Asks: 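Supplied in structure tokens, the structure appears directly below.
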Amino acid sequence: METECKRILLLKGLQPLNDDQFSMVKSLLDSDLGLTPKMKEDYSKVKIADMMHKKFQGILCVNKLLRLLKDIEGLGDTVKAIQNEKRKVMKKYKTQGLAPVKKRKQEASSTDESTSTANKASRPVDGTLVSKKRKTKTTSNGKSNKTQPTPEWGQLGQPAVTGALSPTSSSQPPRMPPSTPGSSFSTKKTETQTIKTEKFEMMQPMPEWGQLGQPSVTGALSPASFSQPPRMPPSTPGSSFSTKKPRLKSVPTKASREEGLQTCAKEVMVLKATEPFAYDVIDEERKMFHATVVTESQFFRVKVFHVGLKDKFIPKRVITLADYIGRNGFLEVYNVSSVSDVSADRKMEVSSRLIQNANATPKIKDLHSEEPGTFVSGVYQVHKKMVLDQCITLYEIQDDTGKMNVLVYGRLTKVNCEEGDKLTLICFELSGDTRQLRSVTHSFIKVIKPRKNKKQQLNPDLDMKTPA
């Protein structure tokens, strides 16, 4: 998809432009691409295409160019051509994305069935395997088709078994393996399966251990009793462990990542979401908001580019995401159809440890060891503030493990933040050999004033809603 988007950008978008139109495009892109006057004069269409493709990855670079060309007179045909090519690419990848998923589900289903069948056939449960081998050997050596009865539970919890027993079996009770905790229930369960699967003419009892450690075989049983399944003992509190939900072996400490177009539905619970904000200085109607969502085993950062979806991202609500794009550690949602509600009474069991990790702030010491290009979100205290330019502000943040610089550009320099305040940073990029954070197009800031300045009015556009 990356190659297709770059082809549209260069061949369908930039190539048809004349020199004046191309100069306009470079002028409009100078803030996004950091173009100096000399760069705008020297850079060719191929160079600009490379920079746009790197800055706005995937289909975003095509969307960016479309918005620019729509406002330039005489480019209506070019805009239509780009839109047609974009539509073809999105349709192609949406169609291709479904087939592998279905195939993987079928393969996984068939693998589970074969594994389950194999396990049932070969699984030893405590002493059961030894008992089954002995039972087969005893039946074959007897050379008779005499039917052996199934054990019945007596009043004292001991099985009572009667019938035509061979002299050998009556004179010498079968040896049983030593009792281990939990083996009683497993042995009974395997016994039931064995009776159902083996040929009825070769059935043999599985005696249970009495109070003195010896098997009990008494009474008389009619042939009609074999049609009834053996009665099982009442369940004990310890036997209910299999119905409990297993705990996660390891709880992730970082947001999970997905790459490319994702067509399969994902059921998630919303943890928190920011208020919508305008992220484009030129076009203030272009708004978005950030959100954090969780499944039962993972958490994700989400960028939502349709503010009409804000009423669905309510904390603790369970929703379904589909047809979104995974990029740079975020799930990007563009269409209203990508988010749908589930039943109102749907609850998702999420561990408190997972929620705590999703809301946690990375330590500055750990950020120094992260790879450049990592996107960081968290709450940090401002130690120093320096205004470097009208559109550039440098903050020095700190925690109990160290300090780090944060470069803030453009619209975010207008926030009312002073030394001693706390900053909620969302979608800030870790860059440079000195490991500093810098704001990007989709970055978000919220200022948290100390209690003594609580009466100061904050910018209402920068409020964040979090679950109670």
Side-chain angles (χ1 to χ4, degrees), residues 1-9 12-13 32 52-71 79-80 82-98 101 255-268 270-293 295 300-314 317 319-342 375 377 426-427 440-444:
M1 187 173 183
E2 297 287 336
T3 304
E4 294 287 342
C5 292
K6 188 173 182 181
R7 179 185 64 80
I8 297 174
L9 177 68
K12 300 297 181 180
D32 290 319
M52 288 186 67
H53 185 256
K54 184 177 181 180
K55 177 70 175 180
F56 310 102
Q57 297 181 3
I59 202 66
L60 292 182
C61 65
V62 178
N63 293 339
K64 179 70 175 178
L65 184 62
L66 272 174
R67 286 190 291 267
L68 297 178
L69 299 186
K70 284 179 181 179
D71 298 330
V79 170
K80 290 181 180 179
I82 296 174
Q83 290 174 335
N84 290 336
E85 291 296 322
K86 174 188 170 183
R87 193 176 298 110
K88 292 178 183 178
V89 170
M90 294 300 290
K91 183 177 180 181
K92 171 184 174 182
Y93 280 88
K94 185 174 182 180
T95 303
Q96 290 181 352
L98 294 173
V101 174
S256 298
R257 301 173 65 97
E258 292 183 354
E259 296 297 330
L261 180 64
Q262 306 293 322
T263 57
C264 290
K266 181 191 299 294
E267 199 170 89
V268 299
V270 180
L271 283 188
K272 58 185 178 180
T274 69
E275 287 297 325
F277 62 94
Y279 63 92
D280 193 326
V281 178
I282 301 176
D283 185 1
E284 294 186 357
E285 293 184 358
R286 297 174 61 193
K287 295 184 178 182
M288 64 171 290
F289 63 90
H290 288 276
T292 302
V293 301
T295 65
F300 299 87
R301 309 293 185 199
V302 185
K303 295 179 182 179
V304 185
F305 293 92
H306 198 297
V307 296
L309 293 170
K310 182 63 177 66
D311 60 348
K312 293 187 181 296
F313 282 81
I314 305 299
R317 174 181 288 185
I319 57 176
T320 299
L321 303 180
D323 296 326
Y324 57 87
I325 296 175
R327 183 183 292 114
N328 295 330
F330 292 88
L331 309 184
E332 298 180 355
V333 177
Y334 292 92
N335 302 316
V336 175
S337 60
S338 296
V339 181
S340 57
D341 293 315
V342 297
F375 286 90
S377 298
I426 297 180
C427 191
V440 294
T441 304
H442 300 146
S443 294
F444 173 89

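Model, not experiment: these values are computed from the prediction. For the single chain, residues carry numbers from 1 onward in sequence order. These numbers come from the heavy atoms of this one structure, side chains and all, not from hydrogens, waters or symmetry mates.
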Asks: Assess the residue pair E332 and M288 against the criterion (side chain to side chain contact (heavy atoms under 4.5 Å, CB included)); give the C-alpha distance rounded to whole Å, side-chain angles, the decisive distance to 0.1 Å, and a yes or no.
Replies: CA-CA 10 Å; E332 298 180 355; M288 64 171 290; over 6 Å; no

Asks: Considering all heavy atoms of both residues, which atom of I82 and which atom of G13 are nearest to each other, and what is their separation?
Replies: CD1-CA, 3.5 Å

Asks: Can any side-chain N or O of T263 pair as donor or acceptor with the backbone N or O of D323 at less than 3.5 Å?
Replies: no

Asks: Please round to the nearest 0.5 Å and tell me the distance separating atom OG1 of T441 and atom NZ of K64.
Replies: 7.0 Å

Asks: Take N84 and K12 through the side chain to side chain donor-acceptor pair (under 3.5 Å) test and state the conclusion after the steps.
Replies: CA-CA 10 Å; N84 290 336; K12 300 297 181 180; over 6 Å; no

Asks: Indicate yes or no: at least one non-hydrogen side-chain atom of F375 is less than 4.5 angstrom from one of V440.
Replies: yes

Asks: Would you check, one step at a time, whether the test side chain to side chain contact (heavy atoms under 4.5 Å, CB included) holds for V339 with H306?
Replies: CA-CA 10 Å; V339 181; H306 198 297; over 6 Å; no

Asks: Please report the closest heavy-atom contact between S377 and C427, naming both atoms and the distance.
Replies: OG-N, 3.3 Å

Asks: Look at R67 together with D280 and state whether they make a salt bridge at an N to O cut-off of under 4.0 Å.
Replies: no

Asks: Ignoring hydrogens and angles, tell me if any N or O in the side chain of T292 forms a donor-acceptor pair with the backbone of K272 under 3.5 Å.
Replies: no

Asks: With a sphere of 6.0 Å drawn around NZ of K303, does it hold more than 12 non-hydrogen atoms of other residues, nucleotides or ligands?
Replies: yes

Asks: CG/L69 to NZ/K80 distance, rounded to the nearest 0.5 angstrom?
Replies: 14.5 Å

Asks: By the definition ring-ring contact (aromatic ring centres under 6.0 Å, His included), identify the one residue from F56, F305, F330, F277 that meets it with H442.
Replies: F305

Asks: Determine whether E85 and V62 make a side-chain contact, defined as any pair of heavy atoms from C-beta on separated by less than 4.5 Å.
Replies: no

Asks: Considering residues at least two apart in sequence or located in another chain, which fulfil the side-chain contact (heavy atoms from CB on, under 4.5 Å) criterion with T295?
Replies: K266, V268, S297, Q298, F300

Asks: Under a 3.5 Å distance rule, please check whether S338 uses its side chain to pair with a backbone N or O of L321 as donor and acceptor.
Replies: no

Asks: Heavy atoms, side chains only, cut-off 4.5 Å: are I319 and F313 in contact?
Replies: yes

Asks: Evaluate the side chain to side chain contact (heavy atoms under 4.5 Å, CB included) criterion for residues L60 and R327: first the C-alpha distance (whole Å), next the side-chain angles of each, then the deciding distance (0.1 Å), finally the verdict.
Replies: CA-CA 11 Å; L60 292 182; R327 183 183 292 114; 3.5 Å; yes

Asks: Quick check: do I314 and V270 have side-chain heavy atoms less than 4.5 Å from each other?
Replies: no

Asks: Is the backbone of F289 close enough, under 3.5 Å, to the side chain of T274 for a donor and an acceptor to pair up by distance?
Replies: no

Asks: To check you understand the geometry: which heavy-atom pair defines the closest contact between L309 and N335, and what is its length?
Replies: CD1-O, 3.7 Å

Asks: Kindly state whether the ring of H290 and the ring of Y279 have centres lying under 6.0 angstrom apart.
Replies: no

Asks: To the closest 0.5 Å, what do you measure between CG (L65) and NZ (K70)?
Replies: 11.0 Å

Asks: Ignoring hydrogens, what is the shortest heavy-atom contact between A265 and A322? Give both atom names and the distance.
Replies: CA-CB, 4.0 Å

Asks: Hey, are the side chains of K312 and D341 touching, using non-hydrogen atoms and a 4.5 Å cut-off?
Replies: yes

Asks: Less than 4.5 Å apart, side chain to side chain, heavy atoms only: is that true for K86 and N63?
Replies: yes

